[in-house]
Amino acid sequence: MLSVGDAEAIILNLVQPLDREQDREIIDLWAADNRIIATSVSSELDFPYWDNSAMDGYAVRYADVQESSELEATVLEVIEEIPAGYQPQLTVQPGQAARIFTGAVMPSGADTVVMQERTRREGSNVLILTAPQAEEFVRHKGAFYQGGQQLLSVGIKLNAPEIAVLAAAQCAKLSVYRRPRVAIFSSGDELVTPDQILQPGQIVDSNQYALAALVRAAGGEPLLLGIVKDDPDALREAIAYAMVHADMILSSGGVSVGDYDYIDQILVSLGAEIHIRSVAMSPGKPLTVATFPTPPVTERSRSNSPIYFGLPGNPVSALVTFWRFVQPAMRKLSGLARGWEPVFFRVRSHDELKSHGQRETYIWGSLRLIDGVYEFHKAAGSHSSGNLINLAETNALAVLPVGTTMISAQAEVQVLQITLG
């Protein structure tokens, strides 16, 4: 049985990112949220586009106003008013000024802006009451970015700030990695869909719905294969289909040591190499991770063969193993240049946390801000791997290392951040 750290290292080493050349597509900027750049972006535009004012006030020559004060105000003739979006028509000469507004183009001849609160208007003149700094409140062309330089690099995830940058640079279309395709199926004769009437002994398949939601949140495209019965031929057919059509395969159930757990032997029959069979963690001990020797002949654009994750069937176990292993693997697969590793930090635990200490233990709950300090609150109710009811509102997992049987209330605990963003 592998340690959690060893399992993570194996998985992240196995995952190869999508190919920058073969696995990209051109999209409109409107559709760029949560996508990952596949080609570095530059613009021919400088930013700011031209010298402009950072303040409502008066555009002046610094040489005219450098000695200004309340007692000896400088009187300047106002020759023009320049709102944003207007092209100045006149040149500011000695003894002159132009009324200017935030974002407006600086007129020729002026090199400084005096904010209006430091002036007094008298008819067609303005009195400068305070000496400004040279070039004060002037944003110079190209001060923030010079055209032709790299604007955003490959592997950056696009959120609102990056999209704003691209819009300002007039990058209306851009090249991004395609979304990873993730095949998902649940195995088990006892499983039924949510719309079926439950018979004695049957269980509603919640895993497929939860995993699909997690895949979408991670930027992937779920390929739903439904419920597959505990039949070797049916399972082999489902896995063979997924090998051809997906970049990653997620199954839940069938990876333990029961008489009807066929997944591992089917993978071997398909030529897969099994790298992980179990992990010393709770919940989530039964975990199969496998790769296939060569990619099948397919119309898929990428050259790497898919990576297979056989997750436990218990709902909590399936989600915990996804958060711990699959989520970072998906981030790396998607082309993200950095930040795909799991994120841990230490916070105060509101509750006493217990473990048997034999395996690395994950306790689900929520992070809450209490008096300016983040606390981990254990989810109420039973923490059985089969009880998914108290998973609602989970946004973090407390981690108890091997050998740790208890963490006292108000003591520090390491938590795994599981929310995406």
Side-chain angles (χ1 to χ4, degrees), residues 1-2 7 10-11 14-16 180-194 196 201-212 214-215 220-279 284-315 317-319 321-322 325-326 329-330 333:
M1 192 184 324
L2 290 171
I10 290 170
I11 290 167
L14 289 172
V15 175
Q16 298 301 312
R181 292 182 285 267
V182 182
I184 305 171
F185 69 89
S186 300
S187 67
D189 291 341
E190 74 280 14
L191 299 177
V192 295
T193 59
Q196 291 180 269
Q202 292 184 329
I203 300 172
V204 175
D205 174 26
S206 62
N207 287 351
Q208 195 161 185
Y209 289 83
L211 293 173
L214 289 169
V215 165
E221 180 184 316
L223 175 61
L224 302 179
L225 304 185
I227 297 170
V228 181
K229 297 298 183 182
D230 287 325
D231 172 77
D233 291 336
L235 288 167
R236 182 185 176 90
E237 182 179 349
I239 295 172
Y241 178 88
M243 287 170 58
V244 174
H245 294 89
D247 304 294
M248 182 180 286
I249 305 169
L250 304 181
S251 67
S252 64
V255 293
S256 191
V257 292
D259 291 343
Y260 298 97
D261 295 325
Y262 300 117
I263 295 293
D264 284 10
Q265 65 189 61
I266 292 170
L267 290 172
V268 171
S269 74
L270 290 170
E273 179 180 357
I274 298 179
H275 304 272
I276 298 173
R277 294 179 186 270
S278 63
V279 182
K285 175 185 173 183
L287 172 68
T288 293
V289 178
T291 54
F292 301 93
T294 55
V297 178
T298 172
E299 295 180 359
R300 291 188 307 126
S301 58
R302 71 181 301 239
S303 57
N304 295 331
S305 59
I307 182 169
Y308 187 98
F309 288 90
L311 308 180
N314 283 328
S317 300
L319 268 65
T321 49
F322 183 98
F325 299 119
V326 182
M330 278 197 65
L333 172 65

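Of all non-hydrogen atoms in Gln208 and Phe185, the two that sit nearest each other are OE1-CA, 4.2 Å. Across Ala238 and Leu225, no two heavy atoms sit closer than the pair O-CD1, 3.8 Å. Closest of all the heavy-atom pairs between Tyr262 and Asp230 is CE1-O, 3.4 Å. Shown here for Ala272 and Ala290, the closest heavy-atom pair between the two residues is CB-CB, 4.2 Å. Taking each heavy atom of Pro180 and Leu333 in turn, the nearest pair found is CB-CD2, 3.8 Å. In terms of heavy-atom proximity, Ala329 sits nearest to Val15 at O-CG1, 3.5 Å.
For the atom pair Ile276 CD1 and Phe309 CZ, the distance stands at 7.5 Å (nearest 0.5 Å). The distance from atom CG of Leu211 to atom OG1 of Thr321, rounded to the nearest 0.5 Å, is 8.0 Å. We find the CZ-CG distance between Phe292 and Leu270 to be 6.0 Å, quoted to the nearest 0.5 Å. Atom-to-atom distance recorded for Leu319:CG and Ser206:OG is 8.0 Å, nearest 0.5 angstrom. A distance of 8.0 Å separates CD1 in Ile239 from OG in Ser269, rounded to the nearest 0.5 Å. For the atom pair CD1 (Ile266) and OG1 (Thr288), the distance works out to 11.5 Å, reported to the nearest 0.5 Å.
Applying the side-chain hydrogen bond (donor to acceptor under 3.5 Å, both in side chains) criterion to Ser278, with sequence neighbours excluded, gives no partner residue. A search for side-chain hydrogen bond (donor to acceptor under 3.5 Å, both in side chains) contacts involving Glu237 returns nothing, not counting sequence neighbours. Qualifying side-chain hydrogen bond (donor to acceptor under 3.5 Å, both in side chains) partners for Ser186, counting only residues two or more places apart in sequence or in other chains: Asp205, Ser252.
Between Arg181 and His245, every side-chain heavy-atom pair lies at or beyond the 4.5 Å cut-off. In this structure the side chain of Tyr241 reaches within 4.5 angstrom of the side chain of Leu223, judged on heavy atoms. The shortest distance between side-chain heavy atoms of Asn207 and Pro315 falls below 4.5 Å. At least one side-chain heavy atom of Leu250 sits under 4.5 Å from a side-chain heavy atom of Phe322.
Counting non-hydrogen atoms of neighbouring residues, nucleotides and ligands closer than 6.0 angstrom, the NZ atom of Lys285 reaches no more than 12 such neighbours.
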Note to self: Between Ile10 and Leu2, is the side-chain contact (heavy atoms from CB on, under 4.5 Å) condition met? List the steps.
What the structure shows: CA-CA 10 Å; Ile10 290 170; Leu2 290 171; 3.7 Å; yes
Item checked: From CA spacing to verdict: side-chain contact (heavy atoms from CB on, under 4.5 Å), Leu287, Leu311 -> CA-CA 5 Å; Leu287 172 68; Leu311 308 180; 3.7 Å; yes
Checklist line | Intermediate values then yes/no, side-chain contact (heavy atoms from CB on, under 4.5 Å), Val289 and Phe325 | finding: CA-CA 10 Å; Val289 178; Phe325 299 119; over 6 Å; no
Next item on the list: Go through Met248 and Val215 one step at a time and tell me if the side-chain contact (heavy atoms from CB on, under 4.5 Å) criterion holds.
Entry: CA-CA 10 Å; Met248 182 180 286; Val215 165; over 6 Å; no
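No donor-acceptor distance shorter than 3.5 angstrom exists from the side chain of Asn314 to the backbone of Ser317, with no hydrogens or angles considered.
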